[in-house]
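Basis for what follows: all heavy atoms, side chains included, without hydrogens, waters or symmetry-related copies.
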Amino acid sequence: MTPQDTIWTRTARVAFCTDGKLTHRVEVAVIGAGFTGLTAARELTLSGRSVAVFDAGPLGAGASGMNAGFVVPNFAKADPTTVRARLGGRADALLRLIGAGACNVFDTIAKEGITCDAAQTGWLNPAHGAAAAEMLRARARLWSDMGRPVRFLSPGETAEQTGMDIYSGALLDEEGGTIHPLDYLRGLARAVQRRGGTVHEGQPVQRIEKAASGWTLHLPDGMVQAGTVLLCTNAFTDGAASRLGRSAVPLRVYQLATAPLDAKTVARIAPDRRPVGDTRQNLFTYRLDRNNRLVSGGMAAVPLGAKARLGRAVVERLAHELRLPFVPEVEVVWTGTAAMTPDFLPRIHQLGDGFFAGIGCNGRGIAMTAQLGGVLARAAMGEDPAALPVPLRKLRPLPFHRFTPVVASLALVQARLKDRFAA
């Protein structure tokens with residue numbers, strides 16, 4: 001698997017060297033070296049467990065290296081009321097877990113000394129229209145009632161933060177922010193290695209078999225015996241990842257970075273350097289990197305030729321929405337896959353005695369994975385999985401999974417039509 005050219009590969013400062021020779025017996029094997037897997041592995045090495053992490057590709061080839069670096073401690077498609085309606089008395093444990101996600105990320109970065117442009121400036125969620133404003137006002141109140149620093153901004157305050165006068169207010173979560181995702185990922189891998197764990201690139205787990213004392217993993221370079229296995233492969237569907245990947249809807253997302261903006265424009269559209277993601281069905285997002293490049297993204301209804309087409313469309317939208325004096329030059333466009341669960345909530349699965357899986361970041365990958373990885377580590381250390389804050393569900397592949405990209409494309413067309421009618 002060849003790594004894509006992204007703004008993160010071009011600007012990375014943290015080096016990583018893969019481990020070579022396999023350790024043939026470990027206490028815990030982690031399949032998938034993304035944020036979830038490496039966060040779980042770090043927690044396990046902190047507790048003294050012997051851990052080996054295996055990934056089919058190079059570090060960062062999946063969603064953990066392809067995202068835009070937003071750190072957002074909430075749900076993309078649910079508020080506390082929705083979660084409570086679905087989970088009843090267990091909801092508040094999940095809400096507290098997710099609400100602490102951003103601080104957990106930034107605390108880990110500080111403790112491990114990871115150089116990854118970490119900026120806990122807050123996250124801004126502008127409301128497009130009066131109905132969206134009422135929804136966000138209520139959502140901000142619900143999170144605030146739980147003791148979180150979340151508040152609703154007026155239209156004027158939102159205009160001051162974005163330079164845009166089209167919004168009816170915004171939710172501000174002061175614990176959100178941004179990072180350089182590839183440097184953060186490599187920093188997590190190095191933290192695992194410092195404590196005696198190993199991280200192996202280019203080692204796809206082809207199959208897993210029950211053994212007398214745990215599990216046997218079959219890899220290109222040999223077999224590994226593990227007492228416990230954690231499957232953290234997100235939307236991938238090859239080899240051992242197949243069952244988990246087919247339980248979620250894969251969404252192809254395109255990202256781009258522009259040439260750096262001038263200081264005057266930066267001061268107008270992001271005076272506090274807060275990342276922005278609004279409420280429109282066809283989501284409008286932007287953030288700045290350390291050199292004042294705009295980073296944004298979108299989805300394509302028609303995948304053929306989408307990379308070049310989406311690059312032009314996204315940068316033209318940025319210029320239009322932010323009233324830039326000219327359309328910025330596009331430095332690089334890349335693409336990745338997000339995994340969406342049917343109920344938009346994270347979940348863990350028990351696939352056997354000492355074999356657990358987790359999925360469901362649903363567009364909130366960095367903060368959510370910090371928490372999901374921690375919960376999987378707790379399961380691996382013997383906690384009752386049914387009592388953990390992330391719901392334990394039976395793993396069920398989605399019917400007609402191969403056709404879900406078509407359904408996603410139709411949903412995107414519908415979303416864009418809704419935005420036009422709303423406008």
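- Of the possible polar contacts, one joining the Thr9 side chain to the Thr6 backbone as a donor-acceptor pair under 3.5 Å is found.
- Ser242 is linked by a side chain to side chain contact (heavy atoms under 4.5 Å, CB included) to Arg246, counting only residues two or more places apart in sequence or in another chain.
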Quiz: residues 65-74 side-chain donor-acceptor pairs under 3.5 angstrom, not counting sequence neighbours:
{"residue": "Asn67", "atom": "OD1", "partner": "Gly69", "partner atom": "N", "Å": "2.7"}
{"residue": "Asn67", "atom": "ND2", "partner": "Ala63", "partner atom": "O", "Å": "3.0"}
{"residue": "Asn67", "atom": "ND2", "partner": "Ser64", "partner atom": "O", "Å": "3.0"}
{"residue": "Asn74", "atom": "OD1", "partner": "Arg364", "partner atom": "NE", "Å": "3.0"}

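- Formation of a donor-acceptor pair under 3.5 Å by the Ser296 side chain with backbone atoms of Tyr286 is not found in this model.
- Legend: salt bridge (Lys or Arg N to Asp or Glu O under 4.0 Å) pairs involving residues 336-349, not counting sequence neighbours, sorted by first then second residue: Asp343-Arg347, Asp343-Arg393.
- Counting only heavy atoms from C-beta outward, the side chains of Val333 and Gln255 never approach each other to under 4.5 Å.
- With contacts defined as side-chain heavy-atom distances shorter than 4.5 Å, the pair Leu87/Leu94 qualifies.
- To the nearest 0.5 Å, the span separating CG on Leu294 from CG on Leu256 amounts to 8.5 Å.
- Test Arg274, Arg148, Arg139 against Asp173 for side-chain hydrogen bond (donor to acceptor under 3.5 Å, both in side chains) and you get one pass: Arg148.
- A donor-acceptor contact closer than 3.5 angstrom links the side chains of His180 and Thr11.
- Rounded to the nearest 0.5 angstrom, Arg290 CZ and Asn292 CG are separated by 11.5 Å.
- Looking at every heavy atom in both residues, Leu217 comes nearest to Leu219 through O-CD1, 3.6 Å.
- A donor-acceptor pair under 3.5 Å links the side-chain atoms of Glu157 to the main chain of Ser154, judged by distance alone.
- Between Arg151 and Glu174 there is a salt bridge, since at least one side-chain N of the basic residue sits less than 4.0 Å from a carboxylate O of the acidic one.
- For the pair Gly60 and Leu182, the tightest heavy-atom approach, listed with the atom from each and the gap, is CA-CD1, 4.0 Å.
- Between Glu331 and Pro260 there is a side-chain heavy-atom pair separated by less than 4.5 Å.
- Scored by the salt bridge (Lys or Arg N to Asp or Glu O under 4.0 Å) test, Arg10 finds Asp5 as partners (sequence neighbours excluded).
- Under the 3.5 Å distance criterion, the side-chain polar atoms of Thr121 are matched with a main-chain donor or acceptor of Arg273.
- Listed for the Arg186 side chain is a donor-acceptor partner under 3.5 Å among the backbone atoms of Val14.
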Please tabulate, one pair per line, all N/O donor-acceptor pairs under 3.5 Å involving side-chain atoms of residues 98-116, not counting sequence neighbours.
{"residue": "Asn104", "atom": "ND2", "partner": "Gln371", "partner atom": "OE1", "Å": "2.5"}
{"residue": "Thr108", "atom": "OG1", "partner": "Asn104", "partner atom": "O", "Å": "3.0"}
{"residue": "Glu112", "atom": "OE1", "partner": "Arg194", "partner atom": "NH2", "Å": "2.6"}
{"residue": "Glu112", "atom": "OE1", "partner": "Arg195", "partner atom": "NH1", "Å": "3.4"}
{"residue": "Glu112", "atom": "OE1", "partner": "Arg195", "partner atom": "NH2", "Å": "3.4"}
{"residue": "Glu112", "atom": "OE2", "partner": "Arg42", "partner atom": "NE", "Å": "2.7"}
{"residue": "Glu112", "atom": "OE2", "partner": "Arg42", "partner atom": "NH2", "Å": "3.2"}
{"residue": "Glu112", "atom": "OE2", "partner": "Arg195", "partner atom": "NH1", "Å": "2.9"}
{"residue": "Glu112", "atom": "OE2", "partner": "Arg195", "partner atom": "NH2", "Å": "2.9"}

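- When side chains are defined from C-beta on, Cys361 does not count as touching Pro346, because their heavy atoms never get closer than 4.5 Å.
- The distance from the CG atom of Asp183 to the CG atom of Leu188 is 11.0 Å, given to the nearest 0.5 Å.
- Under a cut-off of 6.0 angstrom, the local environment of NZ in Lys307 is crowded, with over 12 non-hydrogen atoms contributed by other residues, nucleotides or ligands.
- By the 6.0 Å and 45° rule, Arg137 stacks over the aromatic ring of Phe152.
- Atoms CZ and CG, on Arg190 and Leu185 in that order, are 12.5 Å from each other to the nearest 0.5 Å.
- With hydrogens and angles left out, the side-chain atoms of Asp55 and Gln203 include no donor and acceptor closer than 3.5 Å.
- Under the salt bridge (Lys or Arg N to Asp or Glu O under 4.0 Å) criterion, Arg13 pairs with Asp117, not counting sequence neighbours.
- Every residue two or more places apart in sequence or in another chain that forms a side chain to side chain contact (heavy atoms under 4.5 Å, CB included) with Glu209 is listed here: Arg207, His218.
- With sequence neighbours left out, the side chain to side chain contact (heavy atoms under 4.5 Å, CB included) criterion links Ala387 to Asp384.
- Legend: residues meeting salt bridge (Lys or Arg N to Asp or Glu O under 4.0 Å) with Asp221, ordered by chain and number and at least two apart, are absent.
- Residues meeting the side chain to side chain contact (heavy atoms under 4.5 Å, CB included) test with Asn125, sequence neighbours left out: Trp123, Leu136, Leu171, Thr279.
- Counting only heavy atoms from C-beta outward, the side chains of Met368 and Asn362 never approach each other to under 4.5 Å.
- Annotation for Thr258 and Pro328: closest pair CB-CB, 3.8 Å, computed over non-hydrogen atoms.
- Remark: side-chain polar atoms of Ser50 are paired, donor with acceptor, to backbone N or O of Glu27 under 3.5 angstrom.
- Counting heavy-atom neighbours within 6.0 Å of Met223 CE, excluding the residue itself, gives a total of 12 or less.
- For Thr341 (side chain) and Phe344 (main-chain N/O), a donor-acceptor pair under 3.5 Å exists by modelled atom type.
- In terms of modelled atom types and a separation under 3.5 Å, the side chain of Gln206 and the main chain of Gly239 share no donor-acceptor contact.
- A donor-acceptor pair under 3.5 Å is formed between the side chain of Thr369 and the backbone N or O of Gly365.
- Taking the side chain as every heavy atom from C-beta outward, Leu231 and Ile359 never approach each other to under 4.5 Å.
- Atom CZ of Arg317 is separated from atom CG of Leu310 by 11.0 Å, given to the nearest 0.5 angstrom.
- Sorted by first and then second residue, the salt bridge (Lys or Arg N to Asp or Glu O under 4.0 Å) pairs involving residues 28-38 (not counting sequence neighbours) form an empty list.
- Taking every heavy atom of both residues into account, Ala377 and Leu230 meet most closely at N-CD1, 4.4 Å.
- Proximity of Val51 to Thr198: side-chain heavy atoms (C-beta onward) are nowhere separated by under 4.5 Å.
- Sequence neighbours left out, not one pair with a member in residues 84-105 passes ring pair (Phe, Tyr, Trp, His ring centres under 6.0 Å).
- In this structure, a donor-acceptor pair under 3.5 Å is absent between the side chains of Thr158 and Gln161.
- Side-chain N or O atoms of Thr23 include none that pairs as donor or acceptor with a backbone N or O of Arg25 at under 3.5 Å.
- Taking the six-membered ring for Trp and thresholds of 30 and 60 degrees, Phe355 and Trp215 have ring planes more than 60 degrees apart, a perpendicular arrangement.
- Minimum interatomic distance between Glu201 and Leu59 (heavy atoms only, all atoms of both residues): OE2-N, 2.7 Å.
- Leu153 has its side chain within reach of Leu124: a pair of non-hydrogen atoms, C-beta onward, lies under 4.5 Å apart.
- When only modelled atom types and interatomic distance are considered, Arg280 and Asn282 share no side-chain donor-acceptor pair under 3.5 Å.
- How far CZ of Arg252 is from CE of Met299: 10.5 Å, rounded to the nearest 0.5 Å.
- Across every non-hydrogen atom of Pro342 and Leu398, the tightest pair is CG-CD2, 3.8 Å.
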